[in-house]
J.: 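Sharing a structure, written as structure tokens. Questions coming.
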Amino acid sequence: MELAYALIIGTLTASGIYLVLRARTFPVVVGLTLLSYGVNLFLFATGRLATGGQPIIGSTEQYADPLPQALVLTAIVIGFAMTAFVVVLALRNQADNEDDHVDGRKREIHTDIEEKEESGR
Amino acid sequence: MITTALHITIAMVTLAVLLNVYRLIKGPDAPDRILALDTLYVNAIALIILLGIALGTRLYMEAALLIAVMGFVGTVAMAKYLKRGSVIE
Amino acid sequence: MTLSLVVLLPFLGAIAAPLFAQAGRTAIAIASSVPALIALAMLFPHWTTLAEGGVFQESHSWLPAIGISLSFRLDGLSLLFALLILVIGLLIILYARYYLKPYENVGKFYALLLCFKGAMLGIVLSSNLLLMLVFWELTSLVSFLLISFWNQKQDARRGARMALAVTGGGGLALLAGILIIGRIVGSYELDDVLAAADLIKAHELYPFALTLVLLGAFTKSAQFPFHFWLPHAMQAPTPVSAYLHSATMVKAGIFLMARLYPVLAGTDQWFFMVSFTGMVTLLIGAYVALFKHDLKGLLAHSTVSHLGLITLLFGMNTQLAAVAALFHVINHATFKASLFMAAGIIDHETGTRDMRRINGLWRFMPHTATLAMVAASSMAGVPLLNGFLSKEMFFAESLSLNLPGIWAYLPPLVATVAGIFAVAYSARFIHDVFFNGKPVDLPIYPPQEPPRYMKIPVEILVFACVMVGMFPAISIGPLLHAAAFATLNGDVPEYHLAILHGFNLPLLMSFLAFFGGLLMYSQRQRFFDFHARFKEIDEKAVFEKVAMWLEDRAAAITARLENGSLQRYAMLLVASAVVVALSPIERLGIFIGSNGLSPIDWPTLIGAAVLVLTALGTAALHRDRFYALVMLSVVGLLVALTFARFSAPDLAMTQLSVEVVTIVLLMLALYYMPSWTPIETSWPRRLRDLTIALTAGAGMTIITLAMLTQPFDSISSYFIANSKPGGGGTNVVNVILVDFRGFDTLGEITVLAIAALGIYAMLKNTALTPPPGDGLGHPWTRDAHPLMLKQIARPMLPLALMVSLYIFLRGHNLPGGGFIAGLITAVALVLQYIASGIGWTEDRIPMRYHNVIGLGLLFATIAGAGSLAFGYPFLTSAFGYITWPVVGKFEVASAMVFDLGVYLTVVGATLLALVSIGKLSPHSAIKSTKGGM
Amino acid sequence: MLARIGLPQPFLSLVLFLVWQLLSDGISGGSVVMGAILAWALPLLTRGFWPERPAIVKGWLLPLYVLRVLLDIVVASLAVARLVLGTRKPRPAFISYPISLEHPLAITMLASTISLTPGTVSADVSDDQRLLLIHALDVDDEQEVIDAIRQRYEKPLQEIFQ
Amino acid sequence: MSPIAEYLIAGLLLIGGAFTLIGAIGLARMPDFYTRLHAPTKATTVGVGAIMLASISYSSYQGAGIDTAELLITVFLFMTAPVSANILAKSAMHLGVKHMPETRGKPWDQ
Amino acid sequence: MNHWLTAPILIPLLGGIIQIFIGYAPISLRRTLALATTVLLLASTIALLALANDGNYRVYAFGNWVPPFGIVLVLDRLAALMLLMTAVLAFFAHLYAIHRADESSRQFHALFLFQLMGLNIAFLTGDLFNLFVAFEVLLIASYGLLMQGSGTERTVPSLHYVVLNLVGSSLFLISVGMIYSVTGTLNMADLAAKVPLVSPEDQPLLQAGGLILLVVFGLKAAILPLCFWLPRAYGNATAPVAALFAVMTKVGFYAIVRVFTLIFGPNAGPLANLGLDWLFVLALATLAMGVIGALGARNLRTLITWQVIISVGTLLAAIGLGTEEGTSAALFYMLNTTWIVGGLFLVVDLVAGQRGSAADRIVTAPKMHNRTFLSVLFLLGAVAAVGLPPLSGFFAKLLILQSATPGPQMGWLWSVLIGGSFFTLIAYSRAGSIVFWRTVEGHISKPAPLTKPVTVAASGLIGMAIAIVLLAGPISAYVDATAAQLFNTSEYLNVLNIPVVAEGL
Ligand code: NA
Ligand code: NA
């Protein structure tokens, strides 16, 4: 069980980081989402894995560690807020640069085209 | 006997999940993928209910309800995107 | 009090003087003279004590932690310099009154001049090395402003910058040197340092301290190879040059050598560093001075040369040489200040400083010419003038140096050659300016004598030259003795101040220099021709070039590193985390803790496999953005199932709701973006990214594995035990959120609220044109709101609200709570937006989302603050059970109000964010009249 | 009449009341009181979203209809199962079905019923709400399908929605 | 728990599992999008419905009283599945997704 | 329990909530209320500093839960110093903002106040996870503030800033997770007690967690190689925002000081002084990088942004010495650099407003209307920033130089710090002399007016350079005591023993 779980976290982290390192805003946002999934699962697992141990008093005999669950809940909400913000920022980038490159490449591309046009003439 | 039936059912639903994933990856068109995802949501509901039966708890029932709601909204949003581009306008 | 007041007065004057600027130049000159006059009056009574080698001390504690105190010390040495500063300063003030034009900013000029005077007095009177350094750097700063007084001239700006760089930089070296001395001695007080002279010289850090201190002294005193700043500082108004480069600024370095003479001198290292530097400077300055056509340039290089002479004397490591050095300090100050002033008068009256144009002024201004010629003669070392006396002492000392072998001839040879040059450039100053035919093309013609009072300072100084030259023992003897006494720590050698010491070798050298110099001047054209063969180096241009080169290099390096590439920065961040974690993880290896691995069931395994597969798929197929989103949804769903599988129903629900909202959000964004991601990164770069990503993933796998299999003990048992009795709820996670760690939750909803507000603000005036179709050639359809969806969506709203309420109410005891309930409500409303559009929906929503957010935060805060009224800390919860007929027993908890705040914030924030994006759409032209936003 | 006492959508209120009982931990005094409050408050709160007059006239006929549909679903599911598992190729068709219902909700219910019952999916409703596009999985004769739908589902719906 | 109840629950479970699986098989096997659309909308709905019934029966036989949240989920699924199918079909028609050549009739322009 | 401990958090929170509600009220009302909030905050932080100055720890247990189970605020000298420093900076920045910068959006004041709330939580909290939450609050507000203002040039730098910090937040969570997974606690005092006792098998996890945490704080502090996002982000923010952001890097610095003295400090057993050797080297490299950047800057704003990085390098180098003296010196320096850099951002904005299209670029431009006033402010700021006497920067640098003990470390620190001062001196003198002196005839027609608020704000912050010198004695005594308190970690552990309120009123 633990190995499978560890591999899940590893995969999510690796996929997330690879996407975060891309050059366009959209994959970066997707990567951040994947990364936060991995991180949340990791944080959750700091309380170790429990089956049928919902931390609802009276529902079971052995309770899973509730603290990491609360922390992850907070982390999810904050992560959601942050994702929303960065998505909108990506939109602003698109609006301001007419391009979704993370470095806002509009001008360079435009000048490239202009240069080509001039040399063509 | 219920336990055996439960295990068989879980196995069948798990297999169904795999088939869904197959369609999701295979496509070939975007609506196929959304359809696969939608089905996956419904199968997830089944899995959660089965988990509740297996664990003898009803604490996951609301989670199942939530999957139903969220799966629907997700599907609608995706399908609308394909058709209309702007999901909210 | 006296000493600190002496230092303070000029600064006070600097504040007061500009107030008199309106009243005219005379008024401000008089006002500016007051501090110096008071100071002289205050110092005068101490003269007798000081002449006998007495010392006045005054100390106020300031910052003991740093070792800096307001300690001042007046002894012979500081008195000598203080007098130079004050007296010449007064003359300069008088001179400047006539030099400056009425329209110039005289207020600023006098204020800066007084600041400078105060800083100089601070240097010479400080008895704490750090305090001295404060004033030292202050002189650099103020001189920067003085040199650039005419800052509209490029040369003035550049000269000032260069001076600041050299002297300020030297000051930094001096700082390090002083810090080392302070560390060796354990104090920065001069008394302690002087007492620890042997300790310092024996210390292993002595070479460092010496080098650094000398760097400070040499830069300030314009010693080779730092001499280049001084001639360019001549861009300053002439009163400034006269003051800074005769008596003050450049003498600060000399003062420093004198002050620390007992502490640092006497070693071979001192000898070689100081005497060699002085020698080179002496020669270079003298040589270059001859060829300068600029009147002030000649004087500036001559100053460099004389400073070299004084430095050389200090470097000789003999007491007599030190006395000679001090004597020359006085003499140089007097004749050089008067020469600068004379040059200023000439400049003032002719409009140029170019000696090739200035000729034959004797006929136009004989009075000035006489004064200048006397002063120049003193500079040349003509007998009966003060310059001759100290030069004789210098020649004598150069002969008495006991260098081995042939090196013994070097000092006298250098001294004589330098003397020849000095006579030659002095002769040029006299002949080329006042005789040598007629003026050429002067901007102001005919030149006239300057105003009467402008000459008085020159007259006084020239008078001093003559007096000292003729009656040295009477005029300057006691002061020199007192200074020497202080410099040498009481160890003053026998010496005689007389006009002539008989016919001896030094006198012969003087004759040699005198006639050699005249001969050289008469043959000047040959020398000029010879000199013209070398390209003249403009140090300012070189400095400027070096500075520009530095800046360009710096800009290039910066641009290379800070290249504006997020990919680079993100890579650095991730790589940093990987690198620091590498060694502990390596140490860990594939570690299975003592709890071992537990068996896995098939459904979980398959779920895990699907999760891994879709996560990798999302990354691998990310270029097809919609496809990636679908994959991402599956990942999100499976993460939720994972939470459910491992006993976290609350998390599963939260994850589910958040995930759907996130997907909607991403799709809203995707509408305006390309559907495909192009390949832009080269494959080695992608390989590098892949390596980093895989390393990070492997690291996380190893860590998770080790962590999950290790036994552990946490504070959680407390939460489980106290959740019901202390928090009133059986859902421990919820009780943690709203009670045990309610403060986290308050922060969390604040984040949500701020995010929504920020998003709203960011999109307020954004215009985005969506692409006409989906990128695959399909234009978007016409109908936005299909019938079935619209019909089904409506009953969902009240149903969803009911479910929200249900989830909200049970949250304290069972899975659920304000956050999840809020998301359900939000999603139900989002469904309305999707099904029926923004205009339709907003007309039916009674409240602005901003206010919903505000209410949410307010509820949460009020719920938390309620406990304050009962004397309990913020966020202390209270709960109780109420029994009503029919309804039965139910729980009422303050945490519910808090949770209501969470609910409202979530609803408001989620909708504000999503709808703000939706409103970008050109189709949402039918904006609502009220509601929503 | 009911609208005047704050029940603009009586049928909705009833459904809400029942749903609350479903959600609650068994039926109790508390759940009834709360259910009643919600059944009254929620429709009022969301009144703006229901601009039309109440649609369902003969609500008591609805359970019967639902039961029939459920039965059809179960029975016909088997047919689809056979097709899915078998080797025979399906014979699909797009069928345009002329709607005689008028109320949008009624049309929606009909379309939903068609989709839920195996073998047919409502693919689209025309803009003028006169035609329904049905995709049938395995049919010989399109008219047969149309008639069956008309008889089994549209007629009863017409009665409910008058 | 009585044996009949056990049989009933086990039966419901197996039926539910079977239909869920059949729906998935249909999704995987059917030749074009429109035919695939049939499988999950019903088979899966029926399957999950059966599992819900099993769950309701199981928990009520466990003596926890009748808890009917499952019913709500099922109703919800029945309400939404046709809408999902409808809007998916519309998007498929819009994109001109290929259908079997044997299909009679034409999809509508969107 | 002293309820005043919550004042620096609740005051801006309530002020921010009010701003949300009155977003559409007249701007004068919004300004008045917002500024009143900041003034109130300033007053409360002064009170807290007076309180903390007795050297005792004050603990506030939220929800009346005993530590380590609930979240606690801990007020000590360091926290009080950070609070006051921030409040002073915020007051002047806010004052400057009400001139015009707040007109760009109705959310400005709310964001500004929430930013302060986040900062203050970060300084006060005694809980590692709550520190994460505080970081998120201040970050999200800073994202919003960064995007204030018109024009498109700040979008890309903001995007970079946000994405990097999101990755940083993930790393923060990972490290918190690692630390919790070993120690089972989040309270800093409890962590300090438990870290030394960790078993050898668990040490690698804890070490990795601690080091990743250092990376996270290093990102906030903008230490090399994690500093490159900063110049463009700050360089494109509106002036009051940039000024306020002078404190943002200090949050990273604060977190490093707090966590790496208390939890991984000298008493952490096998993990004692974790990462300290890395820190020193990287700090010096950061300092050097900052100097290079400043030297190559083509406009004043960029110059100041690199000054921020120079400050960070200097601060962390002093901390990297790992001594009480070094820490004390760093704290003294921090006050100076934070206020001065903030002030310089404001001055540069005023300068830019008077130079037409040349703005703050280091080029020839028409003469400014208020050249004398602005040049004096710039001169004072530059002198204080470079560290020349007689202003505060000199004493701060002196303290840092003195805090090194002879050895290779001292050699490196002195060379880089003194060499860096030399080159920044060149950079500032060149920039200043060109901008203020190299002018063409005439003035631009419509310069931005120097209204009272902006004048007071800019001179107020720059004036701190003099105020610090005048108060150098008390300040130096305070930071000495602060460093001593920091290094006496055993006292901090008493936080765990505070009683909760047994019975209310
Ligand atoms: Na001449
Ligand atoms: Na698109």
Side-chain angles (χ1 to χ4, degrees), chain C residues 781-810 813-814 816 821 824-825 828-829 831-833 835-837 839-847 881-891 907 928-932, chain D residues 8-9 11-13 15-25 28-52 55-56 99 101 103-115 121-129 131-133:
Chain C
T781 57
R782 291 161 286 116
D783 67 328
H785 311 300
L787 173 80
M788 283 181 79
L789 179 58
K790 224 161 35 182
Q791 287 297 316
I792 290 292
R794 288 182 201 176
M796 293 235 170
L797 184 60
L799 270 176
L801 288 179
M802 178 173 262
V803 172
S804 297
L805 183 68
Y806 169 71
I807 298 268
F808 176 84
L809 287 176
R810 72 202 290 271
N813 291 307
L814 291 165
I824 296 174
T825 303
L829 282 167
L831 184 62
Q832 306 306 313
Y833 280 101
S836 307
W840 193 90
T841 311
E842 293 217 323
D843 285 342
R844 288 159 178 79
I845 291 176
M847 206 183 227
Y881 298 90
I882 298 177
T883 310
W884 275 355
V886 189
V887 176
K889 180 178 149 181
F890 59 94
E891 184 187 349
V907 172
S928 70
T929 45
K930 52 169 183 160
Chain D
Q9 299 281 351
F11 186 71
L12 177 67
S13 293
V15 171
L16 287 173
F17 181 80
L18 289 177
V19 168
W20 186 256
Q21 307 312 316
L22 284 182
L23 281 170
S24 302
D25 236 1
S28 63
S31 76
V32 169
V33 170
M34 194 71 190
I37 293 174
L38 291 175
W40 168 72
L42 287 178
L44 275 183
L45 202 67
T46 57
R47 193 168 36 190
F49 289 83
W50 302 79
E52 304 95 350
I56 295 171
I99 315 171
L101 293 167
H103 197 280
L105 186 59
I107 298 172
T108 304
M109 282 187 76
L110 175 66
S112 297
T113 311
I114 292 169
S115 290
V121 166
S122 305
D124 206 355
V125 184
S126 67
D127 289 348
D128 59 4
Q129 301 180 8
L131 277 178
L132 188 65
L133 181 66

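First the proteins, then the strands, lettered A, B, ... as listed; each starts at 1. Basis for what follows: all heavy atoms, side chains included, without hydrogens, waters or symmetry-related copies.
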J.: Examine whether an atom of D:Leu12 lies under 4.5 Å from a heavy atom of chain C, and if so say whether it belongs to the side chain, the backbone or both; otherwise answer neither.
T.: side chain
J.: Do you know which of D:Ile107, D:Val15, D:Leu16, D:Asp127 has the most heavy-atom pairs under 4.5 Å to chain C?
T.: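 Highest number of heavy-atom pairs under 4.5 Å: D:Leu16.
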J.: When only pairs under 4.5 Å are counted, which of D:Thr108, D:Leu45, D:Asp124, D:Val19 shares the most heavy-atom pairs with chain C?
T.: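 With the most close heavy-atom pairs to chain C, the winner is D:Thr108.
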J.: As an exercise, state the distance from CG of C:Leu809 to CG of D:Leu23, rounded to the nearest 0.5 Å.
T.: 11.0 Å
J.: Nearest 0.5 Å, please: how far is CG in C:Leu787 from CG in D:Leu105?
T.: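 So the CG of D:Leu105 and the CG of C:Leu787 are separated by 9.0 Å.
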J.: What residue pairs, at least two apart or across chains, pass salt bridge (Lys or Arg N to Asp or Glu O under 4.0 Å) with a residue in residues 32-43 of chain D?
T.: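 The answer is none; no pair qualifies.
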J.: How long is the straight-line distance from CE of C:Met788 back to OG of D:Ser115, given to the nearest 0.5 Å?
T.: 5.0 Å
J.: Supply the atom-to-atom distance D:Phe49 CZ to C:Asp843 CG, rounded to the nearest 0.5 angstrom.
T.: 10.0 Å
J.: Extract all donor-acceptor atom pairs below 3.5 Å that involve side chains of residues 29-36 of chain D and protein atoms in other chains or at least two apart in sequence.
T.:
from	atom 1	to	atom 2	distance (Å)
D:Ser31	OG	D:Gln21	OE1	2.8
D:Ser31	OG	D:Ser28	N	2.9
D:Ser31	OG	D:Ser28	O	3.0

